[in-house]
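Read the structure below first, then the notes.
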Protein chains: 2
Amino acid sequence: MQDKILLGFLMDGSKTGYEIKKTMEQSTEFFFTTSLGSIYPAFKKLEREGLVEMAESIEAGRLKKKYSITPEGKKVFLNWISLKTGIAKIRDEAILKVFFFNYLSPDERKNRIEEYIKELEGHIGELLALKSRLEKKNIDAFQMTTLDMGIEYFMFMNNWYSGFLDTLKK
Amino acid sequence: MQDKILLGFLMDGSKTGYEIKKTMEQSTEFFFTTSLGSIYPAFKKLEREGLVEMAESIEAGRLKKKYSITPEGKKVFLNWISLKTGIAKIRDEAILKVFFFNYLSPDERKNRIEEYIKELEGHIGELLALKSRLEKKNIDAFQMTTLDMGIEYFMFMNNWYSGFLDTLKK
DNA sequence: ACTTGCATGTAAGTCGTTACATGATTGT
DNA sequence: ACAATCATGTAACGACTTACATGCAAGT
């Protein structure tokens, strides 16, 4: 999946691995992140496959390896985005814990959920801050839409856990 | 995380790896699944760590390795469940594709979303069927709660993509 | 002088899946 | 007879993370 993201970020021009990492921290952060230790080898692999090309340069004394997408890479990316998408599993540790809540005392249950709700609220706050930061920039409408979706998603979660907390209190 | 699930399933009695896999297919399926090729080595590791114990037996001509949780294993499990849980990333391929929707034609966008909504509806149907199956059994209330949560989650997603489709049509 | 950020990369390790391999029992 | 299900396990592979390693530039 990372390789598709890398190709996607190259669709509007060449970038370095470091740049993409920074961009992701300010955009895909809430639904997807990668490490640099994963980006660099991924680019080398994409280069071997002929999906990207690399151009070295030295800017302000720093070595930069700008990657750009090849026509073949564009084909692969556009094919992927058109492919039917299956339903992803939630794979959320918080809900897994609720699954086993029988093994926790009623008091502890409430504490854990209250704690988690605070985490969610903090996260929603961060995303709202990110949104207002991005609104100042001229960002792609669909990328803004995914951010809105993320905010609504975490608000749904917040809502759900709040309702769950109410039933726990009864 | 798998190891915690295994411990969790052993909390109410000893089970074989195969049994746990079957149980998961009928309970945690929508938010978590594992493969047998992952369960067996995981149990061996847990055994080495002293968190589970194994008892071999032959039932109806079949070799069975029943694993049971040790007091130390219970400690580890209960500690994990009490630990503060961080916010998980969505890591959803569908939303990642929306992120890059700029590179798809308006018609294709609608088609992809309509297709995905159908997938979601099918999945919700499966979960509702699972729910009525589980209601006949005497299932743990919290495990039923997580299933309800799953259904609401996918209904939220269905809702969101339906709204998104409406804006795409304008 | 020192820390933070820019910029690249490798190595070790974790986690997990799929495919392969075996063999018995049960249902059709 | 044959297929499906029960039951176990290993090997190869893939995706990703963390820690390690290097070095320059810019700000304090």
Side-chain angles (χ1 to χ4, degrees), chain A residues 1-10 14-26 28-29 31-49 51-67 76 80 86 88-93 96, chain B residues 1-7 9-10 14-26 28-29 31-49 51-67 80 86 88-93 96:
Chain A
M1 211 136 96
Q2 327 289 81
D3 53 334
K4 301 309 182 310
I5 302 179
L6 295 181
L7 290 178
F9 275 114
L10 294 188
S14 65
K15 293 176 190 65
T16 69
Y18 192 85
E19 276 168 6
I20 289 180
K21 170 72 180 158
K22 290 287 137 188
T23 308
M24 283 180 75
E25 279 170 10
Q26 292 297 311
T28 64
E29 177 220 5
F31 70 91
F32 220 95
T33 34
T34 337
S35 57
L36 286 169
S38 161
I39 289 174
Y40 292 123
F43 264 140
K44 298 220 160 159
K45 200 192 162 209
L46 287 170
E47 200 183 6
R48 281 199 304 275
E49 293 167 344
L51 307 184
V52 301
E53 277 171 343
M54 191 260 285
E56 268 179 311
S57 63
I58 293 173
E59 281 172 45
R62 285 193 201 91
L63 175 72
K64 281 198 184 193
K65 296 195 169 180
K66 286 242 180 194
Y67 286 91
V76 168
W80 166 77
K89 307 230 173 298
I90 305 183
R91 267 174 183 279
D92 185 336
E93 207 178 359
L96 181 61
Chain B
M1 211 137 94
Q2 327 289 79
D3 54 332
K4 301 309 182 311
I5 302 178
L6 295 180
L7 291 177
F9 276 114
L10 295 187
S14 63
K15 292 176 191 66
T16 68
Y18 192 84
E19 277 168 6
I20 289 180
K21 170 71 180 159
K22 290 289 135 183
T23 308
M24 282 180 74
E25 279 171 8
Q26 292 296 313
T28 64
E29 177 219 5
F31 70 91
F32 218 96
T33 35
T34 338
S35 57
L36 286 167
S38 160
I39 290 175
Y40 292 124
F43 263 141
K44 299 220 160 161
K45 200 191 162 209
L46 287 170
E47 200 183 4
R48 281 200 302 276
E49 293 167 345
L51 307 184
V52 301
E53 276 170 344
M54 192 261 284
E56 266 178 312
S57 63
I58 294 173
E59 280 173 46
R62 285 195 201 90
L63 175 73
K64 282 197 182 192
K65 296 195 169 181
K66 287 242 179 192
Y67 286 92
W80 167 75
K89 307 229 173 298
I90 304 183
R91 266 175 182 277
D92 185 336
E93 208 179 358
L96 181 61

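Order of the sequence lines sets the chain letters (A, B, ...), proteins ahead of strands, with each chain counted from 1.
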May I ask you to verify if any side-chain N or O of [X] is less than 4.0 angstrom from the OP1 or OP2 atom of [N]?
X     : N      : value
B:Q2  : C:dG16 : yes
A:K65 : C:dG9  : yes
B:S35 : C:dT18 : no
B:K44 : D:dG9  : yes
B:Y40 : D:dT8  : yes

Taking [X] for its side chain and [Y] for its backbone only, find out whether a donor-acceptor pair lies under 3.5 Å.
X     : Y     : result
B:T23 : B:E19 : yes
B:K4  : B:W80 : no
B:K21 : B:S35 : no

Report the distance from atom [atom1] of [X] to atom [atom2] of [Y], rounding to the nearest 0.5 Å.
X     : Y     : atom1 : atom2 : result
A:M24 : A:F31 : CE    : CZ    : 7.5 Å
B:L6  : B:M1  : CG    : CE    : 12.0 Å
B:Y67 : B:M54 : OH    : CE    : 4.5 Å
B:F32 : A:L96 : CZ    : CG    : 6.5 Å
B:K15 : B:K66 : NZ    : NZ    : 8.0 Å
A:I39 : A:Q2  : CD1   : CD    : 8.0 Å

Atom-to-atom span, [atom1] of [X] to [atom2] of [N] - whole angstrom:
X     : N      : atom1 : atom2 : value
A:K89 : C:dG16 : NZ    : C1'   : 14 Å
A:I5  : D:dC16 : CD1   : C1'   : 12 Å
B:E56 : C:dA24 : CD    : P     : 16 Å
B:I58 : C:dG23 : CD1   : C1'   : 13 Å
A:L46 : D:dA15 : CG    : P     : 11 Å
B:R91 : D:dT17 : CZ    : C1'   : 10 Å
B:K64 : C:dG23 : NZ    : C1'   : 16 Å
B:E47 : D:dT8  : CD    : C1'   : 14 Å

Selection from C:dT17, C:dG9, D:dA15 that lies nearest to any side-chain heavy atom of A:Y67: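 The closest nucleotide is C:dG9.
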From D:dA15, C:dG16, D:dC16, nucleotide with atom closest to A:M1 side chain: D:dC16
DNA chain C contacts made by residues 16-24 of chain B, counting heavy atoms under 4.0 Å: none
Sugar-phosphate only, base, or nothing, as touched by B:T33 at under 4.0 Å among non-hydrogen atoms: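 Counting heavy atoms under 4.0 Å across all strands, the contact made by B:T33 is with sugar-phosphate only.
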5'-most by nearest nucleotide on DNA chain C - A:K66 or B:I39: A:K66
Letter per nucleotide, 5' to 3', of nucleotides 19-28 of chain D [B base touched, S only sugar-phosphate touched, - untouched; heavy atoms, 4.0 Å]: -----SS---
Salt bridge B:E47-B:K44, side-chain N to carboxylate O under 4.0 Å: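 Here B:E47 does not pair with B:K44 in a salt bridge, since their nearest N and O are not under 4.0 Å apart.
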